[in-house]
Amino acid sequence: MSWYAILIIIHIIGAILGVGAATASDITFLKSLKKGVFSKPGFNFLKKMSSIVWLGLIFSAFSGIGFFIFYRLNFLGPAVSYSPRLWAHLTIALVVFFNGLAMHWKVFPVLESFIDKPFSLDFIKKSKIVFSTGAISIISWYFTFVLGAWHELNLSYLGIMSVYFLLILGGVLIANLIGKRIIHL
Amino acid sequence: MSPLFQNFLILHVLSGLLGIVSFAAVLLGLMKNASLRKLKITSFFGLLAFLVSWFYGGYYYAIYYGDKVKPLIKAGRYSWAHNVIMETKEHIFLFLPFLAAVLFLVIWLAGEDINKEQKLKKGTTALALSIVILGIAITLMGLAISGAAQ
């Protein structure tokens with residue numbers, strides 16, 4: 001098996017873990033919103049999924065950098081290494097990383113403080129960061145996943161990032177609207 | 001490129017990345033009030049990784065890059081990859097091992113005070129975040145430089 005094939009396998013494993021765990025986290029969180037209360041088992045599940053997301057990100061990071069090393073050692077040059085799709089992929093991976101840090105810094109403490117308590121006005125005030133980071137996470141993981149697979153995509157870096165930011169903007173707005181609506185119901 | 005320099009380049013990149021991941025773990029640990037033992041271990045491995053990366057990168061740069069790679073980049077369309085990015089990288093990378101050493105020493109010497117004193121906690125968290133951001137910037141510079149070689 002070639003090194004390139006090994007890198008692809010590790011990268012796909014990273015994507016599966018990241019996308020899968022982010023999806024499971026969002027579904028669990030939505031279910032808690034509908035129930036009107038956030039349980040301890042639900043919170044523990046989110047923490048476990050968060051660890052899996054980080055693991056996926058680590059696998060993706062090492063294998064992703066591995067691809068760049070492969071391109072360098074084979075002198076594939078700027079035609080491959082400076083591909084707009086590749087650098088957009090990298091940029092969004094960084095967004096996933098920093099968004100993950102923000103979730104651990106701001107979101108998890110908020111959720112932990114509301115365990116087994118009904119969602120109140122106090123939670124609604126703090127919910128913007130919760131809904132926004134959740135939306136950024138899921139949109140970024142799926143967008144970068146599609147970007148990685150869509151080799152034929154022929155857009156500039158700015159073109160790809162413009163589409164991404166529009167999706168993020170829309171996603172954050174919709175997440176906040178739907179989230180607050182569910183709480184009020 | 002000889003297998004020696006290929007391996008040195010690979011070790012430089014991977015140990016640098018390991019350093020960044022370690023200090024990201026330190027950062028998360030500080031945010032989540034992780035045990036002192038975890039903070040000590042991850043900061044130690046992070047510092048070690050940066051030192052290893054420095055050694056292999058330095059050897060590769062001094063013995064191989066200057067003669068074999070730099071002329072290729074400077075002769076190509078993306079000469080700025082060396083003229084601007086490598087020139088920047090080879091100076092600011094130096095902050096990394098020293099900032100890492102400072103954070104490592106603070107964690108090992110301050111002990112449990114890190115989780116008790118808020119000002120110290122904020123300072124070490126900010127330092128860990130700075131190391132991670134600088135490490136990522138250095139990595140991106142390295143990718144841009146390597147990408148220009150053909």
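Just so it is clear: chains get the letters A, B, ... in the order the sequence lines come, proteins before strands, and each one is counted from 1.
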Linking I/L/V/M/F/W/Y whenever their side-chain heavy atoms sit closer than 4.5 Å, directly or via other members, would B:V102 and B:L39 fall into one cluster?
yes
For the CG atom of B:L140 and the CH2 atom of A:W87, what is their distance to the nearest 0.5 Å?
5.5 Å
Heavy-atom neighbours of B:W80 CH2 exceed 12 at 6.0 Å
yes
Can B:L30 be reached from B:L120 by stepping across I, L, V, M, F, W or Y side chains whose heavy atoms are under 4.5 Å apart?
yes
Give the member of B:G76, B:A24, B:G147, B:S146 that has the highest number of heavy-atom pairs under 4.5 Å with chain A.
B:G147
Between A:F68, A:W54, A:F75, A:Y82, which has the largest tally of heavy atom pairs under 4.5 Å with chain B?
A:Y82
Give, as side chain, backbone, both or neither, the part of B:L14 having an atom under 4.5 angstrom from any heavy atom of chain A.
both
Let me check something: do A:F43 and A:M103 share a hydrophobic cluster, defined by ILVMFWY side-chain heavy atoms less than 4.5 Å apart, either directly or through other members?
yes
Separation between CD1 of A:I69 and CD of B:Q6, rounded to the nearest 0.5 Å:
11.0 Å
Looking only at A:V80, A:N74, A:I65, A:L90, most heavy-atom pairs under 4.5 Å shared with chain B are made by A:I65
Would you say CZ of A:F145 has more than 12 non-hydrogen atoms from neighbouring residues, nucleotides or ligands within 6.0 angstrom?
no
Are A:M1 and A:I13 grouped together when hydrophobic residues (ILVMFWY) are joined by side-chain heavy atoms under 4.5 angstrom apart?
yes
Find the one option among A:L76, A:L94, A:I58 whose heavy-atom pairs under 4.5 Å with chain B are most numerous.
A:L94
Non-hydrogen atoms of chain A under 4.5 Å away: do they reach the side chain of B:L72, the backbone, both or neither?
side chain
Verdict with supporting geometry, B:I136 and A:F98, side chain to side chain contact (heavy atoms under 4.5 Å, CB included)
CA-CA 11 Å; B:I136 289 170; A:F98 284 108; 3.8 Å; yes
I'd like to know which of B:I10, B:L28, B:V13 tops the heavy-atom pair count under 4.5 Å against chain A.
B:L28
Please round to the nearest 0.5 Å and tell me the distance separating atom CZ of A:F108 and atom CE of B:M31.
12.0 Å
Here the pair of heavy atoms bringing A:P78 nearest to B:Q150 is CD-OE1, 3.1 Å
Heavy-atom closest pair, residues A:R72 and B:V69:
NH2-CG2, 3.2 Å
Same cluster or not: are A:V37 and A:L33 linked, directly or through other Ile, Leu, Val, Met, Phe, Trp or Tyr residues, by side-chain heavy atoms under 4.5 angstrom apart?
no
Residues A:W105, B:T125; criterion side chain to side chain contact (heavy atoms under 4.5 Å, CB included); working and verdict:
CA-CA 11 Å; A:W105 182 35; B:T125 306; over 6 Å; no
With heavy-atom distances below 4.5 Å as the criterion, would you say the side chains of B:I20 and A:F97 are in contact?
no
Within 6.0 Å of CZ in A:F123, more than 12 heavy atoms from elsewhere:
yes
